[in-house]
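In what follows, a single structure is set out as structure tokens and then discussed.
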Amino acid sequence: MKNKEIFSLHAAVMLFGLAGVIGKFVGLSAIFITFARAFFSAVFLLIVMLIKRENILLNNRNDYYLIVLAGVIMAIHWFTFLQAIDMATVAVGTITFSTFPLFVTFLEPFFYKEKLKLKNIIVAIVMLLGILITIPEFSLKNQMTSAIVIGMIGSLSYALLCLINRYFSKSYDGKMICLYEQGVAAFVLLPSLFIVEINLTIVDFLALVFLGIVCTAIAHSIYISSLKKIKVHTASIISGMESVYSIVLALILLHEMPSMKEIFGGALVLMTVFYASLIDK
């Protein structure tokens, strides 16, 4: 695996981490933020591809069906991710989301008829331990538990999205995949404009544009393109860094001080990420 590909993947993941911080900063409804994120990203990608005169048509009808499904899954993922952050903290929301490598570890061999490796199971278990350490409380009587459950739903949906994108990445450029998926997500979430109250300031608007273009369109295009040479499992493990990046960025930008449990758990996740990167072949 080339260092350039690893660096690009980490850059994309860092932008994903920033997305959660921006979502918390804006303070609007999670479903509206999700719509705005998908809308601005899809519009930006469409403009770029039209200017560059790139093909925007898929190869066959079945791919259209599958990418529509992927777009719906993306809408579910982004909404649950932002909702978990809104209900808890950036740290708890992103760390809970980071359980998705666990789902990928067991789903990828099933979808792609690959052998389930013991080392991948061990890495997933260690990462789960790091995530569990960071969860402050497991009481069923508080909002934190609900945020954890919602975050896990987002985790599963993202694992499925990654597996679908592995299929698309073999035939399509990352920009095209993102264009369709985010366009579908925006369409699915369009009714949110009529069911939630929106008090949008100019700062909120600019933050959402940045979220859609930089943290979504550019970051997801880089991430999906990396799947051409990097296995989904490896990419998912590196994506565990999102929780670490998010905690650091939330501390700097939102002054959300992580607890010692979050710091320790994040450190364990970080070590697992680098170990998985080194052992991948």
Side-chain angles (χ1 to χ4, degrees), residues 12 15-16 19-20 22-23 26 28-86 97 100 150 153-169 171-200 204-225 227:
L15 289 173
F16 294 160
I22 292 175
V26 171
L28 297 170
S29 166
I31 195 168
F32 175 71
I33 295 174
T34 306
F35 164 77
R37 180 181 187 181
F39 175 77
F40 286 124
S41 176
V43 170
F44 173 78
L45 290 171
L46 180 61
I47 292 173
V48 169
M49 295 184 71
L50 290 177
I51 290 175
K52 296 177 68 174
R53 297 184 178 181
E54 296 182 9
N55 175 48
I56 60 172
L57 299 178
L58 301 182
N59 295 335
N60 56 70
R61 181 180 299 177
N62 288 336
D63 283 355
Y64 282 105
Y65 295 145
L66 184 59
I67 211 160
V68 167
L69 174 62
V72 173
I73 293 174
M74 173 171 280
I76 294 171
H77 161 61
W78 279 350
F79 169 69
T80 51
F81 171 66
L82 291 172
Q83 184 65 27
I85 287 176
D86 184 56
F97 152 73
F100 82 90
I150 291 173
I153 294 173
S155 173
L156 174 59
S157 61
Y158 191 71
L160 292 171
L161 186 63
C162 284
L163 293 169
I164 294 174
N165 284 340
R166 175 180 170 180
Y167 162 77
F168 281 122
S169 66
S171 304
Y172 303 103
D173 180 74
K175 292 195 301 297
M176 180 181 288
I177 299 170
C178 289
L179 170 63
Y180 276 93
E181 290 179 351
Q182 290 156 21
V184 170
F187 179 79
V188 169
L189 295 167
L190 185 61
S192 68
L193 297 179
F194 306 100
I195 62 176
V196 297
E197 183 178 352
I198 304 171
N199 296 312
L200 193 64
D204 292 337
F205 177 78
L206 293 175
L208 290 174
V209 171
F210 183 86
L211 174 63
I213 294 176
V214 179
C215 298
T216 305
I218 295 175
H220 276 268
S221 295
I222 294 172
Y223 186 91
I224 293 176
S225 294
L227 296 180

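Owing to the predicted nature of the structure, the values given are computational and were not obtained by experimental measurement. The residues of the chain are indexed from 1 along the displayed sequence. Just so you know, these numbers use all the heavy atoms, side chains as well, and skip hydrogens, waters and symmetry mates.
Applying the side chain to side chain donor-acceptor pair (under 3.5 Å) rule to Tyr167 yields the partners Asp63; only residues at least two apart in sequence or on another chain are considered. For Asn55, the side chain to side chain donor-acceptor pair (under 3.5 Å) criterion is met by no residue, not counting sequence neighbours. The side chain to side chain donor-acceptor pair (under 3.5 Å) check on Asp86 picks up nothing, with sequence neighbours excluded. With sequence neighbours left out, Phe39 forms a ring pair (Phe, Tyr, Trp, His ring centres under 6.0 Å) with Phe35. The ring pair (Phe, Tyr, Trp, His ring centres under 6.0 Å) test applied to Tyr65 returns no partner, not counting sequence neighbours. For Asn62, there are no side chain to side chain donor-acceptor pair (under 3.5 Å) partners two or more places apart in sequence or in a different chain.
A donor-acceptor distance shorter than 3.5 angstrom exists from the side chain of Tyr64 to the backbone of Leu58, with no hydrogens or angles considered.
Pairs of residues two or more places apart, or lying in two chains, that qualify as side chain to side chain donor-acceptor pair (under 3.5 Å) and include a residue from residues 155-164 are Thr99-Ser155. Applying the side chain to side chain donor-acceptor pair (under 3.5 Å) rule to pairs touching residues 179-194 yields Ser41-Gln182, sequence neighbours excluded. Contacts classified as salt bridge (Lys or Arg N to Asp or Glu O under 4.0 Å) and involving residues 66-82 (residues at least two apart or in different chains) are not found.
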Under 3.5 Å, which donor-acceptor pairs do the side chains of residues 46-53 form with other protein atoms, sequence neighbours left out?
{"unit_1": "Lys52", "atom_1": "NZ", "unit_2": "Glu54", "atom_2": "OE2", "d": "3.2"}

List, one per line, each side-chain donor-acceptor pair under 3.5 Å for residues 71-78, sequence neighbours excluded.
{"unit_1": "His77", "atom_1": "ND1", "unit_2": "Gly154", "atom_2": "O", "d": "3.1"}

Can I get a per-line list of side-chain donor-acceptor pairs under 3.5 Å for residues 211-221, giving both atom names and the distance, sequence neighbours left out?
{"unit_1": "Thr216", "atom_1": "OG1", "unit_2": "Arg37", "atom_2": "NE", "d": "2.7"}
{"unit_1": "Thr216", "atom_1": "OG1", "unit_2": "Leu211", "atom_2": "O", "d": "2.7"}
{"unit_1": "Ser221", "atom_1": "OG", "unit_2": "Ala217", "atom_2": "O", "d": "2.7"}

